[in-house]
Amino acid sequence: MLRPFKNEPLTDFNIDENRIRMEEALTKVESQLGKEYPIIIDGEELFLNDKFSSRNPADVNQIIGTFQKAGVEEGKKAVEVAYKNFDKWSNLPYEERAMILIRAASILRHRKFEFAAWQVFEVGKNWAEADGDVAEAIDYLEFYAREMLRYGKGGSLTPMEGEYNELIYLPIGPVAVIPPWNFPLAILLGMTTAALVSGNTVVLKPASDAPAIGFGFYKLMEEAGLPKGVLQYVTGPGSTCGDAIVSHPKTRMIAFTGSKEIGLRINEIASKVQPGQIWIKRVIAEMGGKDLIIVDNEYPQIEDAVKAVLASAFGYQGQKCSAGSRAIVVEDVYDKFVSILSEKVKGIEVGMPKDNYFMGPVINESSKNKILQYIEIGKQESKLLYGGEEIKGTGFFIQPTIFVDVPPEARIAQEEIFGPVLAVIKAKDFDDALRIANSTIYGLTGSVFTLNREKISKAKKELYVGNMYINRKCTGALVDVHPFGGFNMSGTDSKAGGRDYLLLFMQAKSISEKYV
Ligand code: NDP
């Protein structure tokens, strides 16, 4: 019997011992950078002719590692192996599968600092952001293991006289897991271990900006006792290798988290039945957002609202799907809000993640260029309050940037920028703020700052987002506390870290036996 699930505590880096352990982990990981890594199919390590490098976005001369550029052939082979090994893995008792996750959680807990340090180097997270990602990963392991123990007992049914009835949950087949780089351990691990613990085999194709963290996860699962051939680790471009995995007739399901463009493409490709395919592919696609914070005139602590807006907009450089990129402020308090915001943003420092600055680099050059283009668009559409410049140096640094008096229909108020750019929009009143909030194609996260219960009640009904928060920031969802997933073009609302999640990786079989 396992103790009830509880969330992994975050590390307090103000405590000397924790700070020292993180510094040691950073030194250790830095000494391991620059190695070459294989792809792994059926437990076999393979090296290919084509390769690519992962680099530190804060210091582009620092190579994190060299990785194999798998193509169509390797993608296909990985799916075939996952199909071949499905029977054996799915027949392992569910309790055994759950215990592998529990062991992985224990190993990860012991190496928390090291796993966090890899994120500091590979994706430019500051210490707290990296630590938060690792804590979330531990939570997924602990939570999904417990969830499988619950589902393994079967579903409850209405008894019928003269019959013995059961509802059992079965795994579905090979699952392609395609994660983004921005929560390089938590999201990758969450989708993969949900599939595995449910009894499915997996082809994991990590994002090309975070393959080293994916490799660390593979090794973690191996150490925790995952049999060879259950999980395939295949690095390479989404457009070739990824497409081959998604379109393969033996792929049963695709668990994707990433941009709207790629999610829709995957959904379209997966919907086409290939020769030899005997099922309808299941697709989970969790996608982008244009998340918001409404600040109402009936919230007296404007300074607290400003702090929440800054944390939501600029935490991890605005590169969270939940990042609050729109502040929608009711006009009575608009000027006060903007004046406090313009003072407080000056306190945000940008620097090397290794040295634990609040803000670090954006992920890569094309992302930097895209964000700078949006900043130019913003200058045409509204008024620049703060920032707006690239910070030249060894990596891809951009100032925290705020535009004010942004029209709700402006591109910078409608399109996901995925960088440190905040649009401040004036609303006539609370109803107008809700209308503006709901005016994009997305529906992921949204916060409402007000003390008026009627307005809160209205927002609960009308604010069309998958994750709504009241009087707090719109980032930082916790496993089984705030199950996560969005509406409309933000995705399929799969609610990762929630109690319905494993069902998406299983199918229910109803069995009825007549007494004779
Ligand atoms: P992308 O959509 O660019 O990439 C996501 C994954 O898809 C990567 O592994 C990528 O591989 C792969 N991929 C790319 N093309 C294909 C293809 N044709 N077939 C199969 N796979 C493919 O997203 P990012 O990694 O840039 O992540 C940022 C986005 O993710 C943002 O829009 C953000 O909002 C969203 N996101 C959503 C979350 C949610 O829960 N709703 C959570 C976190 C992020 P490669 O890297 O090789 O191109």
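With hydrogens and angles ignored, the 3.5 Å screen pairs a side-chain donor or acceptor of K495 with a backbone N or O of G466. A donor-acceptor pair under 3.5 Å is absent between the side-chain atoms of N267 and the main chain of G263, judged by distance alone. Remark: the backbone N or O of S325 is not paired with any side-chain donor or acceptor of D291 at under 3.5 angstrom. Under the 3.5 Å distance criterion, the side-chain polar atoms of S490 are matched with a main-chain donor or acceptor of G288. When atom types are taken as modelled, the side chain of K205 and the backbone of I245 share no donor-acceptor pair closer than 3.5 angstrom. Judged purely by atom type and a 3.5 angstrom limit, E129 has no side-chain atom pairing as donor or acceptor with the backbone of G315. Side-chain atoms of E381 come within 3.5 Å of backbone atoms of R411 as a donor-acceptor pair (strictly under, hydrogens ignored). Between the side chain of K290 and the backbone N or O of I412, at least one donor-acceptor pair lies under 3.5 Å. In this structure, R326 contributes its side chain and A437 its backbone to a donor-acceptor pair below 3.5 Å. A donor-acceptor pair is defined here as one N or O able to donate and one able to accept, closer than 3.5 Å; no such pair exists between the side chain of Q319 and the backbone of G419.
Under the 4.5 Å side-chain criterion, counting only non-hydrogen atoms from C-beta, P206 is in contact with L188. Side-chain contact between W118 and I64 is present, with at least one heavy-atom pair separated by less than 4.5 Å. Contact annotation: the side chain of N467 approaches that of F484 to within less than 4.5 Å [non-hydrogen atoms, C-beta and beyond]. Q232 is not listed as a side-chain neighbour of L204, based on a closest heavy-atom distance of 4.5 Å or more. Contact of the M287 side chain with the I262 side chain is not registered, since no non-hydrogen atoms from C-beta on lie closer than 4.5 Å. The side-chain heavy atoms of S312 and T475, taken from C-beta on, include a pair separated by under 4.5 Å. Looking at P180 and I187, their side chains come closer than 4.5 Å, going by heavy atoms from C-beta outward. With a 4.5 Å cut-off on side-chain heavy atoms, Y357 and N126 do not count as touching.
Counting non-hydrogen atoms of neighbouring residues, nucleotides and ligands closer than 6.0 angstrom, the NZ atom of K509 reaches no more than 12 such neighbours.
Of all the heavy atoms in E8 and I138, the pair that sits closest is OE1-CG2, 3.7 Å. Between A116 and V134, the shortest heavy-atom contact is N-CG2, 3.7 Å. Across N200 and F505, no two heavy atoms sit closer than the pair ND2-O, 3.0 Å. In terms of heavy atoms, G485 sits closest to D493 at O-OD1, 3.0 Å. Between A82 and P174 the shortest heavy-atom distance is CB-CB, 3.9 Å. Between V406 and A413, the shortest heavy-atom contact is CG1-CB, 4.0 Å.
The structure places CH2 of W279 at 6.5 Å from CZ of R252, a figure rounded to the nearest 0.5 Å. Interatomic distance, L502 CG to T193 OG1, rounded to the nearest 0.5 Å: 8.5 Å. Between atom OG1 of residue T401 and atom CD1 of residue I375 there is a gap of 4.0 Å, rounded to the nearest 0.5 Å. Note: L422 CG to I417 CD1 = 9.5 Å, rounded to the nearest 0.5 Å. Here the straight-line distance linking atom CZ of F403 with atom CG of L384 works out to 5.0 Å at 0.5 Å rounding. Atom CZ of R282 and atom OG1 of T251 lie 14.5 Å apart (nearest 0.5 Å).
Between E268 and R265 there is no salt bridge, since no side-chain nitrogen of the basic residue lies less than 4.0 Å from a carboxylate oxygen of the acidic one. With respect to the salt-bridge test (charged N to carboxylate O, under 4.0 angstrom), the residues E44 and K228 do not qualify. The pair D480-R499 meets the salt-bridge criterion, since a charged nitrogen lies less than 4.0 angstrom from a carboxylate oxygen. No salt bridge links E74 with K76; every basic N to acidic carboxylate O contact stays at or beyond 4.0 Å. Ionic pairing of R150 and E147 is present here: one or more N-O contacts between side-chain nitrogen and carboxylate oxygen are shorter than 4.0 angstrom. No salt bridge links R55 with E122; every basic N to acidic carboxylate O contact stays at or beyond 4.0 Å. Salt-bridge check for E416 with K260: failed, with every basic side-chain N at 4.0 Å or more from each acidic carboxylate O. Under 4.0 Å is where a charged nitrogen must lie from a carboxylate oxygen, and between K379 and E376 at least one such pair does. Taking the charged nitrogens against the carboxylate oxygens, K84 and D42 do have a contact shorter than 4.0 Å, which makes a salt bridge.
Residues passing the ring pair (Phe, Tyr, Trp, His ring centres under 6.0 Å) test with Y464 are F487, sequence neighbours excluded. Checked against ring pair (Phe, Tyr, Trp, His ring centres under 6.0 Å), Y469 has the following partners two or more places apart in sequence or in another chain: H482. Scored by the salt bridge (charged side-chain N to carboxylate O under 4.0 Å, His left out) test, K460 finds no partners at all (sequence neighbours excluded).
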Inset, instruction - Please assess I41 against Y233 for the test side-chain contact (heavy atoms from CB on, under 4.5 Å), listing each intermediate value before the final yes or no. - result: CA-CA 7 Å; I41 300 177; Y233 165 82; over 6 Å; no
Legend entry - Residue pair E142, R146: steps toward the salt bridge (charged side-chain N to carboxylate O under 4.0 Å, His left out) verdict: CA-CA 6 Å; E142 296 277 0; R146 285 165 175 77; 2.7 Å; yes
Inset, instruction - Start with the C-alpha distance between T394 and Q62, add both sets of side-chain angles, then the distance that settles side-chain contact (heavy atoms from CB on, under 4.5 Å), and finish with yes or no. - result: CA-CA 10 Å; T394 54; Q62 189 169 50; over 6 Å; no
Legend entry - Trace of the side-chain contact (heavy atoms from CB on, under 4.5 Å) decision for L196 with V230: CA-CA 8 Å; L196 290 174; V230 173; 3.5 Å; yes
Inset, instruction - Could you please spell out the steps behind the side-chain contact (heavy atoms from CB on, under 4.5 Å) verdict for V123 and D209? - result: CA-CA 7 Å; V123 297; D209 284 306; 5.5 Å; no
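For F418 and W181, the ring centers sit closer than 6.0 Å to each other.
A side-chain N or O of Y374 and one of E415 form a donor-acceptor pair less than 3.5 Å apart. Looking only at atom types and distance, the side chain of Q274 has no donor-acceptor partner in the side chain of S247 under 3.5 Å away. If you check the side chains of Q68 and E36, you find a donor sitting under 3.5 Å from an acceptor. Using a 3.5 Å distance cut-off with no hydrogens or angles, the side chains of D133 and Q119 do pair a donor with an acceptor. Inspection of the Q277 and H248 side chains reveals no N or O donor paired with an N or O acceptor under 3.5 Å. Between E286 and T492, the side chains place a donor N or O and an acceptor N or O closer than 3.5 Å (distance only, hydrogens not considered).
A cation-pi arrangement, defined by a distance under 6.0 Å to the six-membered ring centre and an angle within 45 degrees of its axis, is present between K250 and Y83. With F183 as the aromatic partner, K125 meets the cation-pi criteria of under 6.0 angstrom to the ring centre and within 45 degrees of the ring axis.
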